[in-house]
There are 2 protein chains.
Amino acid sequence: MYGTIRVELSSERKAKPSVDTGLAFGKYFTDHMFMMNYSEGSGWHDPRIVPYAPITLDPSAMVFHYGQAIFEGLKAYRSPDKSSVYLFRPDKNAARLNQSCERLSMPSIDEAFFVEALQSLVRIDADWIPESEGTSLYIRPFIISTEAGLGVRPSSEYLFAVIMSPVGSYYEEGIHPVAIHVETHYTRAAVGGMGYAKAAGNYAGSLKAQMLAKEYNCSQVLWLDAAEKKYLEEVGSMNVFFKLGGEIVTPKLNGSILDGVTRNSVMQLLASWGMPVTERRISMDEIAAAFANGTLEEAFGTGTAAVISPIGSLHWNDQTMSINVGQTGPLTERLYNTLTGIQNGKIEDPFGWNVRC
Amino acid sequence: MYGTIRVELSSERKAKPSVDTGLAFGKYFTDHMFMMNYSEGSGWHDPRIVPYAPITLDPSAMVFHYGQAIFEGLKAYRSPDKSSVYLFRPDKNAARLNQSCERLSMPSIDEAFFVEALQSLVRIDADWIPESEGTSLYIRPFIISTEAGLGVRPSSEYLFAVIMSPVGSYYEEGIHPVAIHVETHYTRAAVGGMGYAKAAGNYAGSLKAQMLAKEYNCSQVLWLDAAEKKYLEEVGSMNVFFKLGGEIVTPKLNGSILDGVTRNSVMQLLASWGMPVTERRISMDEIAAAFANGTLEEAFGTGTAAVISPIGSLHWNDQTMSINVGQTGPLTERLYNTLTGIQNGKIEDPFGWNVRC
Ligand SMILES: Cc1ncc(COP(=O)(O)O)c(C=O)c1O
Ligand SMILES: Cc1ncc(COP(=O)(O)O)c(C=O)c1O
């Protein structure tokens, strides 16, 4: 598929950042990257692992003007005995990458090849996987349009690249509950738009609300539906779950939110514990009513970067709703421990989620 | 403001494309480009005109991942006696650029400086302005985020660049009426989103519907509102106007459509002719009813690339509505002749729209 992966090793190796720096998210990059080009007619070609280096593009490269840019995010973990390295559910990222491609009129990538490319790259830079608690190697595959020209149409050329970054915990606060601002003015994505794609443009449009959230001392935004600003969608870079009087709920996939790999894993875990999750519409009115009558038991976000992030409070219009007295709830904690345990190889992986490199 | 513009002339000059090639939109670029960098703390700095050359960015440059990328588009024309060169309403583009910046959490640019930068660049590459009927020099200012790093937040570094391209008519068909597909499934932008910004991501999400339109033999998409898919928004790269039983209407600026410079110019022209335009909500039901009762007199799109583009038919669900028997209507033609006449300097410019370089 696409030819053998050519490998050109870097002649110099960078100094690895100390874990004591906190390994800020996506700040340090490994020695190598994966690249592959697409052009109309020849398809994807020249897969290669090369030294991490800048990308050079014409100023009229379409990605700068019409934004065909999508990405994925997943993590590699080292097993406790340090003998092997695992990727967490890379097949899910491969499938989602192709969904994003389809929505943005970009060429898809063979899913088995995608996983193989990641495995090859991780093997080469395996010494970059940090070892202490809570750390991992974050992997960022992405595709950008590279054709030079200003006609508004799908590019005829693309670059697929994978870069990797050793990371600590996503939130500086660690696993402590976060305060979330419910955004009632700005919209992230509408039904019929590209909200279900991991498209660069979705994030560009969300930064303004994220900055506003900070003014309310909230770390992220909880988006509402574009049409009525009533129904919950997702958090900045996480899907969202609530425990309401015993029922565990999460917004259903309606085309405007991301089909999170962590979301899917949490649903499988909970089902295996006999606690099925209801995927449905959830209104802020329902959340506020549950808060008022004491049935808003727990809330948490799910995403690759933070894994499970307890939500300590929701700021909505003039109201601040504290959840589980601002503490991590028991279910949230159990999910966090189980999921990170499976990822780190400390707990058995009954689902076959970990894929060896 | 930001220091003097440093000029480094190109030692080689490229061959200019012949007008006979048709000068496909945005395919050929002039010898020079304008650039200026921003970094937190120092603000915008090092304005320069340099040889047109590739841009080099780290693979983790934020524009590739979180899509902070906005652009503008305007044209330079040569006066009939060839003695001078004019920009068409560059102050409007400067103001809109800053609106886009604001929405995407990007740093704004002094508007007078923006115009000065364009003027300086056009003066240097003035011999690239093509001379035959319908041609012009298309100017593409854009800003991209350049900071290396994967944290989801506004970049702390940006590049502002201006590139220029000699262009013929935007539509291969020339000023002939175009067929437009009314999109009832996909959404371009929702209220609260970034539709009013000229953001790269808005275009990435629109390509899929544009490709579908082609399958209906339509050249562009007419978008409907995201919430109800009932009300007209705008065409792919144009605003839209209708003449309905004598009333001239255009969708009002609601935050999800672009505040087009051509739209604004058409409204001013029509007002000066005693034919004020009503900016309001327009539903497809209203258009279909007007079609049925014979009052759908004319329709046209407005945009920098095509200037005025008569709409010959609308394809909506299973219906195709032919407008003015598929011919360019008299008002549409008068607007086209007047506006291009003012731009080319063949007609007096009572509004002071042309700005000398
Ligand atoms: C918008 C958005 N929603 C949800 C998620 C969670 O998805 P996943 O669990 O696959 O990381 C992410 C990213 O990680 C995201 O960016
Ligand atoms: C989405 C969109 N709407 C409308 C327009 C028309 O704007 P203007 O008349 O300023 O060119 C454009 C671009 O030119 C556009 O891209």
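In what follows, chains carry the letters A, B, and so on, assigned in the order in which the sequence lines appear, proteins first and then strands, with residues in each chain numbered from 1.
Ranked by heavy-atom pairs shorter than 4.5 Å toward chain B, the options A:Gly26, A:Pro59, A:Gly236 are led by A:Pro59. The candidate from A:Ser60, A:Ala24, A:Ala69, A:Gly149 with the greatest count of non-hydrogen atom pairs under 4.5 Å with chain B is A:Ser60. When the candidates A:Glu228, A:Met35, A:Met194, A:Arg188 are compared by the number of heavy-atom contacts under 4.5 Å with chain B, A:Met194 comes out ahead. No other option in B:Gln210, B:Arg103, B:Met62, B:Met211 has as many heavy-atom pairs under 4.5 Å with chain A as B:Arg103. The greatest number of non-hydrogen atom pairs below 4.5 Å with chain A, out of B:Ala61, B:Gly255, B:Gly192, is found for B:Gly192. Among A:Ala209, A:Ala199, A:Pro154, the residue making the largest number of heavy-atom pairs under 4.5 Å with chain B is A:Pro154. Ranked by heavy-atom pairs under 4.5 Å with chain B, the first of A:Gly73, A:Ala189, A:Gly193 is A:Gly193. Annotation: maximal heavy-atom pairing with chain B below 4.5 Å, among A:Gly67, A:Ala200, A:Ala226, occurs at A:Ala200. In terms of heavy-atom pairs under 4.5 Å with chain A, the best-connected choice from B:Ala227, B:Ala204, B:Ala197 is B:Ala204.
Rounding to the nearest 0.5 Å gives a distance of 7.5 Å between CG of B:Asn239 and CG of B:Leu253.
Contacts between B:Glu102 and chain A at a heavy-atom distance below 4.5 Å involve backbone atoms as well as side-chain atoms. Within the 4.5 angstrom heavy-atom criterion, atoms from both the backbone and the side chain of B:Ile55 approach chain A. With a 4.5 Å cut-off on non-hydrogen atoms, B:Lys198 does not touch chain A at all. Contact of B:Arg140 with chain A is made through the side chain alone, with heavy-atom distances under 4.5 Å. For B:Phe29, the part sitting under 4.5 Å from any heavy atom of chain A is the side chain, from C-beta outward, and nothing else. For B:His65, the parts lying near chain A are the backbone and the side chain together; criterion is any non-hydrogen pair under 4.5 Å. Only the side chain of B:Phe142 comes within less than 4.5 Å of a heavy atom of chain A; its backbone N, CA, C and O stay farther away. Heavy-atom distances place both the backbone and the side chain of B:Thr56 under 4.5 Å from chain A. With a threshold of 4.5 angstrom between heavy atoms, B:Tyr66 approaches chain A through its backbone and through its side chain. Looking at B:Met33, the atoms closer than 4.5 Å to chain A (heavy atoms on both sides) all sit in the side chain, from C-beta outward. Heavy atoms closer than 4.5 Å to chain A are found in the backbone of B:Val191, but not in its side chain. For chain A, the nearby part of B:Ala53 is the backbone; its heavy atoms alone come within less than 4.5 Å. Within the 4.5 angstrom heavy-atom criterion, atoms from both the backbone and the side chain of B:Gln68 approach chain A. In this structure, chain A has heavy atoms under 4.5 Å from both the backbone and the side chain of B:Leu57.
With hydrogens and angles disregarded, no donor-acceptor distance shorter than 3.5 Å links the side chain of B:Gln220 to the backbone of B:Val178. Panel note: side chain A:Asn98, backbone A:Ser108; no donor-acceptor pair is recorded below 3.5 Å. Judged purely by atom type and a 3.5 angstrom limit, A:Glu147 uses its side chain to pair as donor or acceptor with the backbone of A:Ser156. The backbone N or O of B:Glu157 sits less than 3.5 Å from a side-chain atom of B:Ser155, completing a donor-acceptor pair. Side-chain atoms of B:Lys75 come within 3.5 Å of backbone N or O of B:Ala305 as a donor-acceptor pair.
Cation-pi geometry between B:Lys14 and B:Tyr28 is not satisfied (NZ or CZ under 6.0 Å from the ring centre, within 45° of the ring normal).
With contacts defined as side-chain heavy-atom distances shorter than 4.5 Å, the pair A:Leu232/A:Leu224 qualifies. Residues B:Thr30 and B:Leu137 meet the side-chain proximity criterion, which asks for heavy atoms closer than 4.5 Å.
In summary, the side chains of A:Glu233 and A:Ser256 do present a donor paired with an acceptor at a separation below 3.5 Å, with no hydrogens or angles considered.
Ring centers of B:Phe160 and B:Tyr38: at least 6.0 Å apart, outside the cut-off.
Taking a 6.0 Å sphere around NZ of A:Lys27, one finds it holds 12 or fewer heavy atoms contributed by other residues, nucleotides or ligands.
The pair B:Arg96-B:Glu72 meets the salt-bridge criterion, with a side-chain N (NZ, NE, NH1 or NH2) lying under 4.0 Å from an Asp/Glu carboxylate O.
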